[in-house]
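What you see is a predicted model; the values in this text were computed from it and never measured.
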Amino acid sequence: QAQIVESGGGLVQPGGSLRLTCAAPRSILSVFTQYSLSWYRQAPGHERELVAQITDSQSTNYADAVKGRFTISKDNSRRRVYLQMNNLKPEDTAIYYCRAEIPQSGVDYWGRGTQVTVSS
């Protein structure tokens, strides 16, 4: 399984911002453009939930809780997907995971997560 790696998490005050980055290796560069790319999060005591998604055609969707605050984007040439998080709230505290999948193919990669903590 190809390794994808998240970075950019940390501790931030309510109202602050963070940008998460997910990086994929060169070995899947030619395939990376075909992937649906997503950010998920899992808070303590909660199920893992979809936060944001971007498709190969640049279509995006967001969880209601983050609409207007979070923005997902990707750079195919750099094999990167980003999650810009603004106006962070304590409820956003979670481990954030990157996911890359090819729909209907069974190809499904997950990162190991990066911790985001929003606290005053």
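In this structure, F70 and Y96 have tilted ring planes: the angle between them lies in the 30° to 60° band.
When every heavy atom of V116 is checked against every heavy atom of L20, the shortest pair comes out as CG2-CD2, 4.1 Å. The shortest heavy-atom contact between P14 and S120 is CD-N, 3.6 Å. Taking both residues in full, the closest heavy atoms of C22 and I4 are given as SG-CB, 4.0 Å, listed atom of the first, atom of the second, then distance. Nearest heavy atom pair, residue A52 against residue L83, reads CB-CD1, 4.0 Å.
With sequence neighbours left out, Y62 forms a ring-ring contact (aromatic ring centres under 6.0 Å, His included) with no residue at all. Every side-chain contact (heavy atoms from CB on, under 4.5 Å) that Q115 has, sequence neighbours left out, goes to T93, I95, T117. In terms of the salt bridge (charged side-chain N to carboxylate O under 4.0 Å, His left out) criterion, E6 has no residue partners (sequence neighbours excluded). Residues meeting the side-chain contact (heavy atoms from CB on, under 4.5 Å) test with R112, sequence neighbours left out: none.
Hydrophobic clustering places V51 together with Y109 (ILVMFWY residues linked when any side-chain heavy atoms are closer than 4.5 Å, directly or through intermediates).
Between Y97 and S38, the closest side-chain pair of non-hydrogen atoms is not below 4.5 Å. No side-chain heavy atom of W110 sits less than 4.5 Å from a side-chain heavy atom of C98. With a 4.5 Å cut-off on side-chain heavy atoms, L50 and N61 count as touching. Within the 4.5 Å cutoff, the side chain of L18 has heavy atoms near those of the L88 side chain. A heavy-atom distance below 4.5 Å is not found between the side chains of S119 and P90. Between W39 and I72 there is a side-chain heavy-atom pair separated by less than 4.5 Å.
Annotation: the span from Y82 atom OH to D75 atom CG amounts to 5.0 Å, rounded to 0.5 Å.
The main-chain N or O of A23 is never found under 3.5 Å from a side-chain atom of R79 such that the two would form a donor-acceptor pair.
Remark: Q13 CD is loosely packed, at most 12 non-hydrogen atoms of other residues, nucleotides or ligands lying under 6.0 Å away.
Side-chain atoms of N86 and S17 include a donor-acceptor pair closer than 3.5 Å. A donor-acceptor contact under 3.5 angstrom links the side chains of T55 and S57, judged on distance only.
Judged as a salt bridge (charged side-chain N to carboxylate O under 4.0 Å, His left out), the pairs with a partner in residues 94-104 (not counting sequence neighbours) are, in order, R99-E101, R99-D108. Applying the salt bridge (charged side-chain N to carboxylate O under 4.0 Å, His left out) test to pairs two or more places apart or on separate chains, those with a residue in residues 44-62 are R41-E49.
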Next item on the list: Kindly determine whether I102 and Q104 satisfy side chain to side chain contact (heavy atoms under 4.5 Å, CB included), including the steps that lead there.
Entry: CA-CA 6 Å; I102 301 178; Q104 294 89 50; over 6 Å; no
Next item on the list: Quick one: do D92 and R69 satisfy side chain to side chain contact (heavy atoms under 4.5 Å, CB included)? Show the steps, please.
Entry: CA-CA 11 Å; D92 297 318; R69 300 189 296 120; 2.8 Å; yes
Notebook entry, point to check: Passes side chain to side chain contact (heavy atoms under 4.5 Å, CB included), Y35 versus V107? Steps please.
Noted result: CA-CA 9 Å; Y35 281 72; V107 177; 3.3 Å; yes
Next item on the list: Decide yes or no on side-chain hydrogen bond (donor to acceptor under 3.5 Å, both in side chains) for Q53 and T60, but give the supporting numbers first.
Entry: CA-CA 5 Å; Q53 183 178 48; T60 60; over 6 Å; no
